[in-house]
There are 2 protein chains.
Amino acid sequence: MTDEPSDEDWSPPLVMLAVDLVILTVRERTLRILLVERGVPPFAGMLALPGGFLGDEAEDVRLAATRELAEEAGLDATTLHLEQIGAYGAPARDPRGRVISVAYLAIAPRLPDPVPGSDAADARWEPATAVLSGQLPVAFDHREIIADGIEQARAKLEHTTLATAFCHENFTITELQHVYEAVWDLRLDPRNFARKVRRTEGFVAPAGTPRRTGSGRPAQLFQRGEGRVLYPPMTRATTATVTGTPGEETAG
Amino acid sequence: MTDEPSDEDWSPPLVMLAVDLVILTVRERTLRILLVERGVPPFAGMLALPGGFLGDEAEDVRLAATRELAEEAGLDATTLHLEQIGAYGAPARDPRGRVISVAYLAIAPRLPDPVPGSDAADARWEPATAVLSGQLPVAFDHREIIADGIEQARAKLEHTTLATAFCHENFTITELQHVYEAVWDLRLDPRNFARKVRRTEGFVAPAGTPRRTGSGRPAQLFQRGEGRVLYPPMTRATTATVTGTPGEETAG
DNA sequence: TGCCTTATTGTCCAAGTGACATAAAGGGGC
DNA sequence: GCCCCTTTATGTCACTTGGACAATAAGGCA
């Protein structure tokens, strides 16, 4: 962050700053992402990530993300998990000019559908696989952002307790398993999974009501433990893909 | 990334975009970071990360990082590992105005000292712990960026082959172990370490010359394997700290 | 009451890992 | 050449973990 050496009166170029939100949830045992239909050009009518430009020159970037989370998705940032994915700054990524976008990953428990007539009326929960496969096209470079965000979530499920962010305050081991299965897109053995979860210190803690409705034997309820790091980590099959740096290829 | 709903003639605020580089290497069995002494205000005379503003409005962000890598550190980006850490955009992080910085992590093998008289004359390799502990003050919010970058490197050593980026083309198992020990700041058992490395498929491959100078028994030489993901991962002690999202706290 | 469904506990064995002993391969002093 | 020192390589053993899978517990419902 030293200054340019040469010209005395050189001044850095100015760019526009945007935030984009990769909001994930699990519905019908499937990982889903919240997308909105664009109403105006460019890419009018196409699906895109919720997001927008910095509100004013003094707005914090993360605050812009929480604001858009409320405005475009009707979600309360204090409720859900929110972390940064990275910056995307390819010169031609936005036809309106030089736009650098800071992408955020948000994790939400299963929620009611976006209410028609509300701010988030044109928002839809779409299956993640449809976007990743390219079957469902999205605007800008959003497919790349989504891929990075999902990979970040998948990786964090391995060695952090992020999976509990997909659950409500109280949840069963089976519900937690469904999170792993949906995000990783694979099946796990319930017995081994339960053993692993319970033996991992700080992952879950028993919750008040020891039972719950259902069709089989009632399941015990848990809440997130005090730990944030899983040791030893949960392991997904050896099919892991190395995650590049967000927004670009990795050199070297 | 939809547009602002309200005013017709609203236009987003303009910001300056910078890149900052966290360049790590291992010297004298210690993790070190390349810092430069600032010549001009703000923070003149203080140490800071190499970096600078976007060169012009059309320059790709990653390209700006590689350019600064060459200009300020005299390093060739095609040689070393370079990946993004994240964006840092607190409103008051730079007294010159609204500056959003995209931070990059670069990993270099042990290199000769910066040549006095060259572009990188005022660059120095400082111990990482001195910066992390606050003992060595740095400009702007660079300590936070450095902490995030180092934590990213530490985490990636666990489940990727990033450690080989600290080594030259050919290296011994012991040299690789020194990388882990320096980055993680702990000691490992050489016998268990060698067993683990060799059994992990794709981590290292035998290199041509089967021997090498030294004072004891000559060590076999290796090169990086074709794999990028370590399975099962290397494990550091359970003292792991959860890494927040770059540049801000994690909510929820 | 008996069947179906889901949750929970338990067994068995192969693989992984920490702790530690021992052998191999050079250099240097004498 | 020979002994010692240093560093690398291989091996052993007990313990833990994890995958595959059997068996039991606890409800709903006909």
With a 4.0 Å cut-off, would you call [X] and [Y] a salt bridge?
{"X": "R110(A)", "Y": "E28(A)", "answer": "yes"}
{"X": "R224(B)", "Y": "E169(B)", "answer": "no"}
{"X": "R32(B)", "Y": "E126(B)", "answer": "no"}

Along DNA chain D (nearest heavy atom to each residue), the more 5'-positioned of D189(A) and G216(A): D189(A)
Can you tell me how far [atom2] of [N] sits from [atom1] of [X], to the nearest Å?
{"X": "L186(B)", "N": "dG18(C)", "atom1": "CG", "atom2": "C1'", "value": "14 Å"}
{"X": "F193(B)", "N": "dT8(D)", "atom1": "CZ", "atom2": "C1'", "value": "14 Å"}
{"X": "R236(B)", "N": "dG18(C)", "atom1": "CZ", "atom2": "P", "value": "15 Å"}
{"X": "R195(A)", "N": "dT17(D)", "atom1": "CZ", "atom2": "P", "value": "10 Å"}
{"X": "R198(B)", "N": "dT8(D)", "atom1": "CZ", "atom2": "P", "value": "11 Å"}
{"X": "Y231(B)", "N": "dT17(D)", "atom1": "OH", "atom2": "C1'", "value": "11 Å"}
{"X": "L230(A)", "N": "dG18(D)", "atom1": "CG", "atom2": "C1'", "value": "16 Å"}
{"X": "H178(B)", "N": "dT8(D)", "atom1": "NE2", "atom2": "C1'", "value": "12 Å"}

Residue-phosphate contact under 4.0 Å: S215(A) side-chain N/O, dG28(D) OP1/OP2: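 So the side chain of S215(A) is outside the cut-off, no N or O lying under 4.0 Å from OP1 or OP2 of dG28(D).
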OP1 or OP2 of dT17(D) under 4.0 Å from side-chain N/O of K196(A):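 No, no such contact exists.
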Residue list, ring-ring contact (aromatic ring centres under 6.0 Å, His included) with H178(A), at least two apart or on another chain: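 Once residues adjacent in sequence are excluded, H178(A) has no partner under the ring-ring contact (aromatic ring centres under 6.0 Å, His included) criterion.
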Which nucleotide wins on minimum distance to the side chain of [X], given the candidates [options]?
{"X": "P218(A)", "options": "dA9(D), dG27(D), dA7(C)", "answer": "dG27(D)"}
{"X": "P232(B)", "options": "dA9(D), dA19(C), dT17(C)", "answer": "dT17(C)"}
{"X": "N192(A)", "options": "dC21(D), dA7(C), dC20(C)", "answer": "dC21(D)"}

Sugar-phosphate only, base, or nothing, as touched by R199(A) at under 4.0 Å among non-hydrogen atoms: nothing
Check: dA22(D) base within 3.5 Å donor-acceptor of R191(A) side chain: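 In this structure, the two groups form a donor-acceptor pair.
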Side-chain donor/acceptor of R217(B) to base of dA24(C), under 3.5 Å: yes
Exam field: side chain T25(B) to backbone A108(B), donor-acceptor pair closer than 3.5 Å: yes
